[in-house]
Amino acid sequence: MPRRNTIHAAFAEKLDAILSALEMEGNLPPETPRAGVTVEPPRDASHGDLSTNAAMVLAKKARTNPRDLAAKIIEKLDRDADVESAEIAGPGFINLRLAESTWREEVAAIAALGDDYGRSDMGAGTRVNIEYVSANPTGPMHMGHCRGAVVGDALAALLEHAGHEVIREYYVNDAGAQVDTLARSAHLRYREALGEDIGAIPEGLYPGEYLRPVGAALAEELGEKYVSAPEEEWLPVFRSQAVSAMMDLIRQDLALLGIHHDVFASEAELQNAGKPYAAEQWLRARDLVFDGVLEAPKGKTLDDWEPVELPLFRSTKFGDDQDRPIRKSDGKWTYFGADLAYHMQKAEDADALIDIWGADHSGTVKRIKAAVAALSEGEGRAITFDVKLVQMVNLLRDGEPVKMSKRSGNFVTLAEVVEEVGKDVVRFTMLTRKPEAQMEFDFAKVIEQSKDNPVFYVQYANARIHSTLRRAAADGIAPSHENIDLLGTADLALVKQAAQFPRIVEAAAQAREAHRIAFYLYDLAAAFHAYWNAGNDDAAKRVITADRDLTAARLFLVSQVAQVIRNGLAILGVEPVEEM
RNA sequence: GCGCCCGUAGCUCAGUCGGAUAGAGCACCAGAUUCCUAAUCUGGGGGCCACAGGUUCAAAUCCUGUCGGGCGCACCA
């Protein structure tokens, strides 16, 4: 697969070579550390195409002042054919303007790379396991799960584009008390399906209608065998059937969003395979698990609290506030005990782990990070581990909060929302805010067809380009790179925006923030709309002009802009629209 | 009481491993349509980057503290 360095990366290399040359010449001490030296586009475009802070960062080490050092660097940069001008600015920045030919070549590069433009080999050789969604298998997905699902899925795609090998994983919590509750709820629906009047669903069981078909299927398969049998006889059967049915529901819901996991890891299987026990032994051997008694929780009073000796993981050794029990007094594994083993299992097959969690789990981040740190230390192998907390989404309809009550089973399901506004709108909207900030999701606003709505703004840019291509094709004009030299300053300004894409992908992957792609696409769309609009005042600035050669070159240019939009949307999992 | 996240224009939010005069949209004001999609665009006003210290060539960004909002603090999941 073709990979190409960004223009910025290419210049970072050139600068590096220049600094080495300066060391050879004695203008810099040998092997001067270059941490902190950056080559970036300046915020203010009037400062040029690229800017470096090298002179300011290194001046002290060179025993000179930034401006003198900058002059020496500029002297060498000026010899580069790709550099049109290099000048000192402000406290010692070096601002570069690149030759127009460099930007013309970039348009051709986008065309040559096509769907691969923006891909990078940055993460080559790194296997990343990203666990997201992991909703409990007790019902269909609701909007509370949606943001984490989209954020995780987009991050997975982003990391792939940046060259990582990615495992998309879902942890199925099929071993706790709530799947027993699910089984009991299913049993009730099973009796109902066999004609029994079950009345109101008792408190503590799941009241949702979605369990009716599960009960009906169980009735059909099992007959009346378990109607009055003791619970211990039917519970395992109903549990496994109900969980399986719920996971089918969840997979359907995820498919509506275009999400498909590689691995569904079962907590029950993990426990049956003895993984938590093995983890406990491993930790005990390192004195990281001991039998101890926890203090009573502070800040709130618990009537039924009493001290008990439990096997505790020394998470305080790795920054947690208190040690955490891995087993309960009844001998069963705590959620954490199993989760700890689960992370060890994931780490067997990956260099880096990422968990996407809801913000309501923020309290458990430290202990699981402690567990992975212990594993990393014990194995003498660096395991990168990130927990991304996704904040709540407040649903609004015309500005009014949508009421939800989980207890009554009256929640807004993901399927309903996707049906109402569409997959692409849901996905893009979820990525128009950084995940750790709360967001509002207003049904009216997200489908609004105006520039307030980033989804449409970006889609519209792409549709406009395709509309233009169609129209030109009808006149017998096709995009062509033949006359790319005809592209002028205004055309190349658009190229510069499009050429940021590979760099944005790398930076977003490094920061593990997929939302940057969404914001970038908005900026690119804005640049395109502005470019387009210039044609309203001046016919010579239109894409389709009287000059067929120029038209072909501009069609080539805008079709590459469309290519970049398409590539960016692909990371977000949004389908590009060619006609609106 | 403790932990985590957040605090940037009237509103909703960006802000690149610390960089130049802090940006965008909405709203507000003034304009643009013989037009390739006006589902749009151009220009303008609007800021103590919550507050107070600190770190350094340079702080919205890093550190400490205070205030405000959210989430969480069981052997639950």
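Every chain is numbered from 1 and lettered A, B, ... according to where its sequence line falls, protein lines coming before strand lines. FYI, side chains are in, hydrogens and waters are out, and symmetry mates aren't considered; it's all heavy atoms of this structure. Remember, predicted model here, so these are calculated numbers, not experimental data.
- With B:G15, B:A77, B:A14 as the candidates, the nucleotide lying closest to the side chain of A:Glu513 is B:G15.
- Comparing B:A20 with B:A60, their P atoms are spaced 9 Å from each other, to the whole Å.
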Pairs of donor and acceptor atoms involving the side chains of residues 331-339 of chain A, under 3.5 Å and at least two apart or interchain, shall be tabulated with distances.
{"residue": "A:Thr334", "atom": "OG1", "partner": "A:Pro325", "partner atom": "O", "Å": "3.0"}
{"residue": "A:Thr334", "atom": "OG1", "partner": "A:Ile326", "partner atom": "O", "Å": "3.2"}
{"residue": "A:Thr334", "atom": "OG1", "partner": "A:Phe336", "partner atom": "N", "Å": "3.4"}
{"residue": "A:Thr334", "atom": "OG1", "partner": "A:Gly337", "partner atom": "N", "Å": "2.8"}

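- Within residues 538-547 of chain A, the residues having any heavy atom closer than 4.0 Å to RNA chain B are, in order of number, A:Arg542, A:Val543, A:Ile544.
- The same atom, C1', is picked in B:A74 and in B:C2; the two are 16 Å apart, to the nearest Å.
- Comparing A:Pro325 and A:Ala359 by the nucleotide of RNA chain B that holds the closest heavy atom to each, the one mapping nearer the 5' end is A:Ala359.
- Atoms CZ (A:Arg324) and C1' (B:G72) sit 11 Å apart, rounded to a whole Å.
- For the C1' atoms, the distance from B:C71 to B:C63 is 25 Å, rounded to whole Å.
- A straight line from NE2 of A:His529 to P of B:C36 spans 17 Å, rounded to a whole angstrom.
- Atom-to-atom, CG of A:Leu396 to C1' of B:C11 comes out at 14 Å; the value is rounded to the nearest Å.
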What string of B, S and - do you get for nucleotides 16-31 of chain B, 5' to 3', when a contact is any protein heavy atom under 4.0 Å? B--BB---SSS-----
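- Residue A:Arg464 places at least one side-chain N or O under 4.0 Å from the OP1 or OP2 atom of B:A38.
- Using P as the reference atom, B:C26 and B:G44 are 15 Å apart when rounded to the nearest Å.
- Residues passing the side chain to side chain donor-acceptor pair (under 3.5 Å) test with A:Glu169, sequence neighbours excluded: A:Asn129, A:Tyr342.
- If you take atom P in B:G43 and the same atom in B:A24, they sit 10 Å apart, rounded to whole Å.
- Distance from the side chain of A:Ala463 is smallest to B:U37 among B:C75, B:C41, B:U37.
- Taking atom CZ on A:Phe456 and atom P on B:A39, their separation rounds to 13 Å, with Å as the unit.
- In this structure, A:Ser467 reaches the B:U37 phosphate: one of its side-chain N or O atoms is under 4.0 Å from OP1 or OP2.
- Rounded to whole Å, atom C1' of B:A74 lies 18 Å from atom CZ of A:Arg327.
- Between A:Gly363 and A:Lys328, it is A:Gly363 whose nearest contact on RNA chain B lies nearer the 5' terminus.
- Applying the side chain to side chain donor-acceptor pair (under 3.5 Å) criterion to A:Thr126, with sequence neighbours excluded, gives no partner residue.
- Every side chain to side chain donor-acceptor pair (under 3.5 Å) that A:Arg427 has, sequence neighbours left out, goes to A:Asp153.
- Other residues, nucleotides and ligands contribute more than 12 heavy atoms inside 6.0 Å of the CD atom of A:Glu309.
- When the ring pair (Phe, Tyr, Trp, His ring centres under 6.0 Å) test is applied to A:Phe456, no partner is found at least two apart in sequence or on another chain.
- Under 4.0 angstrom from either OP1 or OP2 of B:A38 there lies at least one side-chain N or O belonging to A:Trp532.
- Using a 4.0 Å heavy-atom distance criterion, A:Asn136 is classed as a sugar-phosphate-only contact.
- Rounded to whole Å, the C1' atom of B:A22 lies 11 Å from the corresponding atom of B:U61.
- Nearest nucleotide to the side chain of A:Met392, out of B:C71, B:C6, B:U40: B:C71.
- At a threshold of 4.0 angstrom between heavy atoms, the contacts of A:Ala526 with the nucleic acid are absent.
- The nearest whole Å value for the distance from the CZ atom in A:Arg554 to the P atom in B:C36 is 16 Å.
- Under a cut-off of 6.0 angstrom, the local environment of NZ in A:Lys496 is crowded, with over 12 non-hydrogen atoms contributed by other residues, nucleotides or ligands.
- Annotated stems with RNA chain B as a participant read B:1-7 with B:67-73, B:10-13 with B:23-26, B:28-32 with B:40-44, B:50-54 with B:62-66, given as range with range, by first number; only runs of 3 or more Watson-Crick or G-U pairs under 3.5 Å qualify.
- The side chain to side chain donor-acceptor pair (under 3.5 Å) check on A:Gln510 picks up nothing, with sequence neighbours excluded.
- A:Arg324 has a carboxylate O that lies under 4.0 Å from a charged side-chain N of A:Asp320, or vice versa, which qualifies the two as a salt bridge.
- Evaluation of the ring pair (Phe, Tyr, Trp, His ring centres under 6.0 Å) rule for A:Phe556 yields A:His481 as partners, not counting sequence neighbours.
- In this structure, A:Ile465 atom CD1 and B:U40 atom C1' are separated by 14 Å, rounded to whole Å.
- When the C1' atom is compared between B:A27 and B:U66, the two are found 34 Å apart, to the nearest whole Å.
- A salt bridge links A:Asp355 with A:Lys346; the closest basic N to acidic carboxylate O contact falls under 4.0 Å.
- Under the 6.0 Å distance and 45° angle rule, A:Arg314 counts as a cation-pi partner of A:Phe290.
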For residues 516-530 of chain A, run the donor-acceptor check on the side chains, cut-off 3.5 Å, and write out each pair with its distance to 0.1 Å, sequence neighbours left out.
{"residue": "A:Arg516", "atom": "NE", "partner": "A:Glu513", "partner atom": "OE1", "Å": "2.9"}
{"residue": "A:Arg516", "atom": "NH2", "partner": "A:Glu513", "partner atom": "OE1", "Å": "3.1"}
{"residue": "A:Tyr520", "atom": "OH", "partner": "A:Gln497", "partner atom": "O", "Å": "2.7"}
{"residue": "A:Tyr520", "atom": "OH", "partner": "A:Ala498", "partner atom": "O", "Å": "3.2"}
{"residue": "A:His529", "atom": "ND1", "partner": "A:Arg464", "partner atom": "NH1", "Å": "3.1"}
{"residue": "A:His529", "atom": "NE2", "partner": "A:Tyr457", "partner atom": "O", "Å": "3.2"}

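- Atom CD of A:Gln391 is separated from atom C1' of B:C71 by 6 Å (rounded to the nearest Å).
- Nucleic acid contact class of A:Tyr335 (heavy atoms, under 4.0 Å, all strands): base.
- A:Thr334 contributes no side-chain N or O that forms a donor-acceptor pair with the base of B:C75 under 3.5 Å.
- Residues passing the salt bridge (Lys or Arg N to Asp or Glu O under 4.0 Å) test with A:Asp491 are A:Arg554, sequence neighbours excluded.
- A:Ser120 and A:Glu506 are linked by a side-chain donor-acceptor pair at a separation below 3.5 angstrom, with hydrogens and angles left out of the test.
- If you check every strand for non-hydrogen atoms under 4.0 Å, A:Lys434 touches sugar and phosphate atoms only.
- Closest to the A:Asp360 side chain, of the nucleotides B:G72, B:A77, B:C75, is B:G72.
- Distances shorter than 4.0 Å separate some side-chain N or O of A:His515 from OP1 or OP2 on B:G15.
- Relative to the side chain of A:Met580, the nucleotides B:A14, B:A39, B:A32 differ in distance, and B:A39 lies closest.
- Look at the C1' atom in both B:G15 and B:G53: the space between them is 25 Å, to the nearest Å.
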